[in-house]
Visitor: 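I have a structure I would like to understand better, so I am pasting it below and will then ask my questions one at a time.
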Amino acid sequence: HLVMNALLNMYSTLRSLEDVRKIFINMPERNIVAWTALIDAFLQHGCKADALQYLRHMQGEGVFPDIVFLLTIMSACSEAATLSQGRQLHVSILEMGYEFDIFLRTALVNMYGNCGVAEDACKVFAQPFEQNVVLWNSFISLHTQLGLDDDALQHSNRMLLEGVLPDRVTFLHGLSACANKSDIVEGIKIHILALSVISGLDVMLGTSVVYMYGKCGHLEAAWQAFLHLHDRSVVSWNVMLGVLTQHGEFLKAFNLFGAMQKQGVLPDVFTFVHVLEACLGPAALTEGEHLHTYIVEMGLESEVAVGTALVNMYGKCSGIEGACRMFEEMPKHNVVSWNTIIMAHVQRGKHRDAFQLFTEMHSKGISPD
RNA sequence: UCCGUAUCAUUAUUCG
């Protein structure tokens, strides 16, 4: 069993889901660890529906869950449609007497938060059991996700008052709350506190600092923070690019894009969206077309956000025909890409075409927002 | 009783 389970786990990170399933099916006896590994493999690949299917399968075979299994499957319940499953898991937890387990309580807070029932998440959090920084972090992020940035900051302060030491994740949430509400005063406080608590900010934290200063409108501070980063991930570059374009520094954005490539950092979806945003008008058409080829070479042209940014770019640089051609080339659409092409027509006074596109969107089963 | 466990930074559309 041990060997088979270990094998299963290895394959789940290295090989395809098909291989994992084959190994699982060929196992002579499947214990709870094997089931956990199988479901975890599907979750790693983002197949939450399949994971929940296997949960039913397992229940059908009379295998009983344990703590680790419950933790694993709980992350499959992350949207409103899965709330009832999540509640059932909560019942199982209570039945098995696991309600004091802090890992499970953290998972429950996340599950209820992601399913859109913050009230229930708060109830779990408020239980007078053991608390630690991870549980607090989950509770805090529940609020930032809902845009309740003031509450998030208040709760972090309450956590400090209760003597729980913040960690890097606490600071990540704090900085992002400050970024969202453009609170530079609180942001600087958190930046300084992080520097004193954590020896050497890691890439994520450093990047969050850049983001916070940028969102608060402090371009120079963001730039300095970016320059002082010891390591830069692709996200770090993307954040700085976004800050520059948001401040209208399009030339600097292009230069940074060049510097990024010189460093050998591979651009991703976010990178292209930002750089395309820097293509302001007809003068940037050549640059935009160049980016388009690059995007195709990297196989990113099927990403909706990239396609939408391209539609926008062609609209600004070459006119409505180019935008329409790009829109039609896109394999997938969502409400934002439709909005983009509709507004491109409205802004040029082509109201009839805009309305026709609107009804076309409706006929494709996409509801307006 | 050995294998599996919780929180984690950046995107696109609007004289909105």
Side-chain angles (χ1 to χ4, degrees), chain A residues 1-10 12 31-41 66-75 101-111 113-114 132-142 144-145 167-176 179 201-212 214-215 229 233-243 245-246 267-277 300 303-313 315 323 327 330 333-344 346-347 368-369:
Chain A
H1 288 182
L2 304 188
V3 175
M4 287 302 275
N5 286 334
L7 199 69
L8 197 55
N9 278 306
M10 282 199 59
S12 70
N31 62 8
I32 186 64
V33 179
W35 279 99
T36 308
L38 176 77
I39 285 177
D40 189 48
D66 66 357
I67 289 190
V68 180
F69 177 84
L70 289 168
L71 272 176
T72 305
I73 193 69
M74 196 104 66
S75 63
D101 186 275
I102 195 158
F103 279 39
L104 280 175
R105 283 195 289 133
T106 307
L108 282 170
V109 169
N110 292 320
M111 184 273 289
N114 291 327
N132 67 11
V133 65
V134 179
L135 180 60
W136 273 99
N137 288 341
S138 289
F139 184 65
I140 291 166
S141 91
L142 173 76
T144 55
Q145 279 169 23
D167 68 359
R168 47 181 297 285
V169 179
T170 318
F171 295 129
L172 286 175
H173 291 307
L175 288 167
S176 110
L201 303 189
D202 61 23
V203 197
M204 278 195 194
L205 258 175
T207 303
S208 287
V209 170
V210 177
Y211 182 69
M212 183 274 291
K215 278 282 192 173
L229 290 179
S233 68
V234 63
V235 179
S236 316
W237 291 91
N238 291 344
V239 166
M240 197 60 232
L241 281 171
V243 171
T245 56
Q246 275 205 342
D268 66 5
V269 172
F270 291 72
T271 317
F272 286 116
V273 167
H274 286 308
V275 187
L276 283 168
E277 215 166 308
L300 295 177
E303 296 282 340
V304 191
V306 173
T308 306
L310 280 167
V311 169
N312 218 10
M313 183 276 292
F327 181 80
M330 288 173 63
H333 289 288
N334 62 16
V335 66
V336 179
S337 65
W338 278 100
N339 287 345
T340 305
I341 197 65
I342 290 172
M343 287 312 296
V346 170
Q347 283 166 351
D369 66 358

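Just so we're on the same page: letters track the sequence lines, and every chain starts at 1.
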Visitor: A/Val68 near the nucleic acid: base, sugar-phosphate alone, or nothing, with a heavy-atom cut-off under 4.0 Å?
Guide: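 Contact class for A/Val68: base.
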
Visitor: Taking the same atom, C1', in B/A12 and in B/G16, what whole-Å distance lies between them?
Guide: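 Each nucleotide's C1' atom is 16 Å from the other's.
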
Visitor: Between B/G4 atom C1' and A/Phe103 atom CZ, what is the distance in whole Å?
Guide: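 About 13 Å, once rounded to whole Å.
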
Visitor: Expressed in angstrom and rounded to an integer, what is the separation of A/Asn339 atom CG from B/U11 atom P?
Guide: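 Rounded to the whole Å, the gap is 19 Å.
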
Visitor: Return the value, rounded to whole Å, for the distance between atom CG of A/Asp40 and atom P of B/G4.
Guide: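 From A/Asp40 CG to B/G4 P: 11 Å.
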
Visitor: Taking the side chain of A/Val269 as its heavy atoms from C-beta onward, which of B/U11, B/U5, B/A12 lies nearest to it?
Guide: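 Given the options B/U11, B/U5, B/A12, the side chain of A/Val269 is closest to B/U11.
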
Visitor: With sequence neighbours excluded, tell me which residues meet side chain to side chain contact (heavy atoms under 4.5 Å, CB included) with A/Ala344.
Guide: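 Once residues adjacent in sequence are excluded, the partners of A/Ala344 under the side chain to side chain contact (heavy atoms under 4.5 Å, CB included) criterion are A/Ile320.
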
Visitor: Which nucleotide in the set B/A6, B/G4, B/U5 lies at the smallest distance from any side-chain heavy atom of A/Asn132?
Guide: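 For A/Asn132, the side-chain atoms sit closest to B/A6.
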
Visitor: For the side chain of A/Tyr211, starting at C-beta, report the closest nucleotide among B/A6, B/C8, B/U10.
Guide: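 That would be B/U10.
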
Visitor: Take the protein atom CG of A/Leu310 and the nucleotide atom P of B/A12, then report the distance between them rounded to whole Å.
Guide: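 Atom CG in A/Leu310 sits about 14 Å away from atom P in B/A12.
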
Visitor: Find the distance A/His173:NE2 to B/U7:P and express it as a whole number of Å.
Guide: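 Result: 10 Å.
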
Visitor: When you get a sec, tell me which of B/U13, B/A6, B/C8 is the closest nucleotide to the side chain of A/Thr106?
Guide: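 Side chain of A/Thr106 sits closest to B/A6.
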
Visitor: Can you name the atoms? Protein N/O to nucleotides 14-16 of chain B N/O, anything below 3.5 Å, with the distance.
Guide:
unit_1, atom_1, unit_2, atom_2, d
B/C15, OP2, A/Gln347, NE2, 2.7

Visitor: Looking at side-chain heavy atoms only, is the closest gap between A/Leu241 and A/Thr245 below 4.5 Å?
Guide: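 Not in contact.
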
Visitor: Go through B/U5, B/A12, B/G4 for me and flag the one nearest to the A/Thr36 side chain.
Guide: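 Taking heavy atoms from C-beta onward, the closest nucleotide is B/G4.
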
Visitor: Within the 4.5 Å heavy-atom criterion, are A/Val311 and A/Met330 side-chain neighbours or not?
Guide: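 The answer is yes, as the side chains (C-beta and beyond) meet within the 4.5 Å cut-off.
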
Visitor: Looking for any heavy atom pair under 4.0 Å, which part of the strands does A/Thr308 touch: base, sugar-phosphate only, or nothing?
Guide: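 Base: the residue A/Thr308, judged by heavy atoms under 4.0 Å, touches a nucleobase.
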
Visitor: Could you work out, with side chain to side chain contact (heavy atoms under 4.5 Å, CB included) as the rule, every residue matching A/Asn110, not counting sequence neighbours?
Guide: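 Partners of A/Asn110 by the side chain to side chain contact (heavy atoms under 4.5 Å, CB included) criterion, ordered by chain and then number, come out as A/Thr106, A/Asn114, A/Ser138.
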
Visitor: Closest to the A/Arg168 side chain: B/U11, B/C8, B/A6?
Guide: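 Comparing B/U11, B/C8, B/A6 against the side chain of A/Arg168, the answer is B/C8.
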
Visitor: Rounded to whole Å, how long is the line connecting atom CE of A/Met74 with atom C1' of B/U7?
Guide: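 Nearest whole value for this atom pair: 13 Å.
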
Visitor: I want to verify a distance call: between B/A12, B/A9, B/U7, whose nearest atom is closest to the A/Glu277 side chain?
Guide: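 Among B/A12, B/A9, B/U7, the one nearest the side chain of A/Glu277 is B/A12.
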
Visitor: Determine whether any donor atom in the side chain of A/Asn238 lies under 3.5 Å from an acceptor atom in the base of B/A9, or the reverse, and answer yes or no.
Guide: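 Absent.
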
Visitor: Could you give the CH2-to-P distance, from A/Trp35 to B/C3, as a whole number of Å?
Guide: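 So the CH2-P distance, A/Trp35 to B/C3, works out to 23 Å.
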
Visitor: What does A/Asn114 touch in the nucleic acid at a heavy-atom separation under 4.0 angstrom: a base, only the sugar-phosphate, or nothing?
Guide: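 Nothing, no nucleic acid heavy atom in range.
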
Visitor: Which label fits A/His333 and A/Trp338: parallel for a plane angle under 30°, tilted from 30 to 60°, or perpendicular past 60°?
Guide: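 Ring orientation, 0 to 90° scale: tilted.
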
Visitor: Ignoring the backbone of A/Phe270, work out which of B/A9, B/A12, B/U10 is nearest its side chain.
Guide: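 That would be B/U10.
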
Visitor: Taking N and O atoms by type only, does the side chain of A/Ser233 place a donor or acceptor under 3.5 Å from a partner on the base of B/A9?
Guide: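 Looking at the base of B/A9, it does pair with a donor or acceptor on the side chain of A/Ser233 (distance under 3.5 Å).
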
Visitor: Could you state the CG-P distance from A/Asp101 to B/A6, rounded to the nearest angstrom?
Guide: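 For the pair A/Asp101 CG and B/A6 P, the rounded distance is 12 Å.
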
Visitor: Regarding A/Ile102, tell me which of base, sugar-phosphate or nothing describes its non-hydrogen contacts under 4.0 Å with the strands shown.
Guide: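 Counting heavy atoms under 4.0 Å across all strands, the contact made by A/Ile102 includes a base.
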
Visitor: Looking only at the side chain of A/Leu71 (C-beta and beyond, no hydrogens), which of the listed nucleotides B/A6, B/A12, B/U7 gets closest?
Guide: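 It is B/A6.
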
Visitor: Which nucleotide, B/C8, B/A12, B/U10, lies nearest any side-chain atom of A/Leu172?
Guide: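 Side chain of A/Leu172 sits closest to B/C8.
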
Visitor: Ignoring hydrogens and geometry, is there a side-chain-to-backbone donor-acceptor pair from A/Asn238 to A/Val234 under 3.5 Å?
Guide: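 At least one qualifying donor-acceptor pair exists.
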
Visitor: Touch check for A/Thr72, heavy atoms < 4.0 angstrom, all strands: base, sugar-phosphate only, or nothing?
Guide: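 No contact.
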
Visitor: If you look at every strand shown and take non-hydrogen atoms under 4.0 Å, does A/Asp268 touch a base, only sugar-phosphate, or nothing?
Guide: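 Nothing, no nucleic acid heavy atom in range.
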
Visitor: Can you confirm whether A/Asn339 sits close enough to A/Asp369 that some side-chain heavy atom of one is under 4.5 Å from a side-chain heavy atom of the other?
Guide: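 A/Asn339 vs A/Asp369: side chains touch.
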
Visitor: With the side chain counted from C-beta on, respond yes when A/Ser208 and A/Phe171 share a heavy-atom pair under 4.5 Å apart, and no when they do not.
Guide: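 No, too far: nothing below the 4.5 Å cut-off.
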
Visitor: Would A/Ser141 and A/Thr144 count as having a side-chain donor-acceptor pair, cut-off 3.5 Å?
Guide: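 Result is no, nothing qualifies.
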
